[in-house]
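To keep things clear, I will list the structure first and then write my remarks on it.
The sequence lines fix the lettering, A, B, ..., with proteins before strands; numbering per chain opens at 1.
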There are 2 protein chains.
Amino acid sequence: MSIASDLIRGHTDTIILAHLTREDSYGYKINKEIQMDTDNQYELKEATLYTAFRRLEGAGYICSYWGDENTGARRRYYSITAEGRQAYRQLKKEWEEAKYLIDILIKSKEEREDQNGR
Amino acid sequence: MSIASDLIRGHTDTIILAHLTREDSYGYKINKEIQMDTDNQYELKEATLYTAFRRLEGAGYICSYWGDENTGARRRYYSITAEGRQAYRQLKKEWEEAKYLIDILIKSKEEREDQNGR
DNA sequence: TATATATACCTTGACAGGCGATGTATAATA
DNA sequence: TATTATACATCGCCTGTCAAGGTATATATA
């Protein structure tokens with residue numbers, strides 16, 4: 001893990017919802033996929049992950065059920081709801097806005113002067 | 001203000017440092033500039049702003065002095081240090097990394113399947 | 001057989017950053 | 001005279017993150 005989590009903070013819910021858009025999944029698997037997707041540059045801490053599941057379920061964005069594996073550790077599967085899909089779309093939109101604003105705001109004033117040709 | 005502050009969280013320090021790269025400035029002015037730069041879509045809450053100044057000063061990234069205005073309210077000016085400039089460059093780099101990773105992570109798995117042509 | 005590792009879940013308590021509320025003071029304007 | 005703008009500051013709450021600890025099953029290794 002190489003990235004500061006304060007920069008990802010606020011995106012945890014969006015990331016989880018994204019992983020549930022195609023099919024139901026469970027915590028451990030989602031986290032492994034996050035690690036693979038980012039070449040091990042990022043992972044969710046377990047406490048963060050399971051806290052987020054509770055939060056999302058409380059908000060009605062996901063619901064859960066126990067898997068029926070007859071071998072290995074038990075898994076709790078999560079399914080995204082219609083409200084969850086709606087929230088996901090909204091959160092993605094907000095990310096695009098935030099990205100745009102942050103890009104503006106963290107730009108050095110020196111650079112900006114250069115760009116204005118002054 | 002239209003943007004969720006959890007999405008900006010972690011960037012407050014970078015934003016402030018960016019505003020000090022060209023010239024010394026003070027809290028009220030920096031915040032006004034942020035509002036102007038973002039067409040009033042974002043502003044730092046005063047408590048957040050002044051907390052950040054304390055934090056940055058404690059870290060040695062900025063130092064402060066009182067202005068010598070002989071009219072109007074007094075101003076505390078902040079100046080970025082060499083360490084502050086170094087930190088600013090680092091934080092910008094981390095933002096580029098975070099931006100890249102978040103874009104990957106919040107992408108819908110449905111979309112990704114489409115992109116893979118499967 | 002014992003031990004370590006991988007899979008899989010969960011909770012508690014501390015910490016840090018953001019912020020509403022509140023306060024102070026000066027100057028200009030209505 | 002009252003309001004608004006400028007300008008700074010702190011306190012205490014809230015929320016999300018996470019280190020640390022715990023439970024349980026299955027497999028690989030020594």
Side-chain angles (χ1 to χ4, degrees), chain A residues 1 3-17 19 24-36 40 42-59 61-62 64-78 91 98 102 105, chain B residues 1 3-17 19 24-36 40 42-59 61-62 64-78 91 98 102 105:
Chain A
M1 240 250 293
I3 204 195
S5 33
D6 244 18
L7 299 187
I8 302 282
R9 191 190 172 108
H11 299 287
T12 305
D13 293 0
T14 320
I15 292 169
I16 292 172
L17 291 176
H19 277 266
D24 296 359
S25 191
Y26 56 97
Y28 192 84
K29 187 182 178 195
I30 290 174
N31 211 11
K32 285 292 164 198
E33 286 176 355
I34 288 172
Q35 291 169 43
M36 277 184 31
N40 289 306
Y42 191 62
E43 63 171 331
L44 288 174
K45 298 297 181 295
E46 291 194 353
T48 304
L49 179 66
Y50 293 111
T51 301
F53 280 138
R54 301 290 152 270
R55 186 170 53 238
L56 288 166
E57 198 161 17
Y61 294 160
I62 59 174
S64 65
Y65 56 92
W66 286 104
D68 59 354
E69 296 77 33
N70 43 21
T71 181
R74 75 208 201 290
R75 300 171 178 167
R76 187 196 283 273
Y77 282 86
Y78 293 94
L91 288 168
I102 294 168
L105 291 172
Chain B
M1 242 248 293
I3 203 191
S5 32
D6 244 18
L7 300 187
I8 302 280
R9 190 192 171 105
H11 299 287
T12 305
D13 293 0
T14 319
I15 292 168
I16 292 172
L17 291 176
H19 276 267
D24 296 359
S25 190
Y26 56 97
Y28 191 85
K29 187 182 177 194
I30 289 173
N31 211 11
K32 285 293 163 196
E33 286 176 356
I34 288 172
Q35 292 169 42
M36 275 184 33
N40 289 306
Y42 191 63
E43 63 172 329
L44 289 174
K45 298 298 182 295
E46 291 193 352
T48 304
L49 179 67
Y50 293 111
T51 300
F53 280 139
R54 300 290 153 271
R55 186 168 55 237
L56 288 166
E57 198 160 19
Y61 295 160
I62 59 174
S64 65
Y65 55 93
W66 286 104
D68 59 352
E69 297 76 32
N70 44 21
T71 180
R74 74 210 202 288
R75 300 170 179 169
R76 185 194 283 274
Y77 282 86
Y78 294 93
L91 288 168
I102 294 169
L105 290 172

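- The side chain of A47(B) sits closest to dC19(C) out of dA9(D), dA8(C), dC19(C).
- Atom-to-atom, CD1 of I16(A) to P of dG16(D) comes out at 12 Å; the value is rounded to the nearest Å.
- Protein atom CZ of F53(A) is 8 Å distant from nucleotide atom P of dC10(C), rounded to whole Å.
- In this structure, OG1 on T48(B) lies 9.5 Å from CD on E43(B), to the nearest 0.5 angstrom.
- The listed nucleotides are dA27(C), dA25(C), dA24(D); the one nearest the side chain of A73(A) is dA24(D).
- One atom, NZ of K29(A), and another, C1' of dC9(C), lie 17 Å apart when rounded to the nearest Å.
- Once rounded to the nearest 0.5 Å, the distance linking CZ of R76(B) with OH of Y50(B) reads 10.0 Å.
- A sub-4.0 Å separation between OP1 or OP2 of dG18(C) and a side-chain N or O of R54(B) is absent.
- Listed nucleotides: dC19(C), dA8(C), dC8(D). Nearest to the side chain of R76(B): dC8(D).
- Note on ring orientation: taking the six-membered ring where Trp is involved, the planes of Y78(A) and F53(A) are parallel (angle under 30°, cut-offs 30° and 60°).
- H19(B) NE2 to N31(B) CG: the interatomic distance, rounded to the nearest 0.5 Å, is 9.0 Å.
- One atom, CG of L56(A), and another, C1' of dT15(D), lie 14 Å apart when rounded to the nearest Å.
- Picking from dT17(D), dG18(C), dC19(C) the nucleotide with the shortest atom distance to the side chain of R55(A) gives dT17(D).
- Whole-Å rounding puts the Q35(B) CD to dA5(D) P distance at 12 Å.
- Between R74(B) and D6(A), it is D6(A) whose nearest contact on DNA chain C lies nearer the 5' terminus.
- When the C1' atom of dT25(D) is taken as reference, atom CG of N70(A) falls 13 Å away, rounded to whole Å.
- At the phosphate of dC9(C), neither OP1 nor OP2 sits under 4.0 Å from any side-chain N or O atom of Y28(A).
- In this structure, Y26(B) atom OH and dA5(D) atom P are separated by 15 Å, rounded to whole Å.
- Taking the six-membered ring where tryptophan is involved, the planes of Y77(B) and Y65(B) are essentially parallel, since the angle between them stays under 30° and well short of 60°.
- Base engagement by T51(A) is indicated by at least one non-hydrogen atom pair under 4.0 Å involving a base atom.
- Contact annotation: side chain of E46(A) to base of dC10(C), donor-acceptor pair present below 3.5 Å.
- At whole-Å resolution of the value, CG in N31(A) and P in dC9(C) are 10 Å apart.
- Mapped onto DNA chain C by nearest heavy atom, R9(A) and R75(A) fall at different nucleotides, with R75(A) at the one closer to the 5' end.
- OP1 or OP2 of dG18(C) sits under 4.0 Å from a side-chain N or O of T12(B).
- Comparing dG17(C), dC8(D), dC9(C) by their nearest atom to the side chain of W66(B) picks out dC8(D).
- Taking side-chain N and O atoms only, Y50(A) has a distance below 4.0 Å to OP1 or OP2 of dC9(C).
- For L49(B) and I8(A), each mapped to the nucleotide of DNA chain D holding its nearest heavy atom, the one lying further toward the 5' end belongs to L49(B).
- Across all non-hydrogen atoms, the minimal contact from D13(B) to A52(B) is OD1-CB, 3.8 Å.
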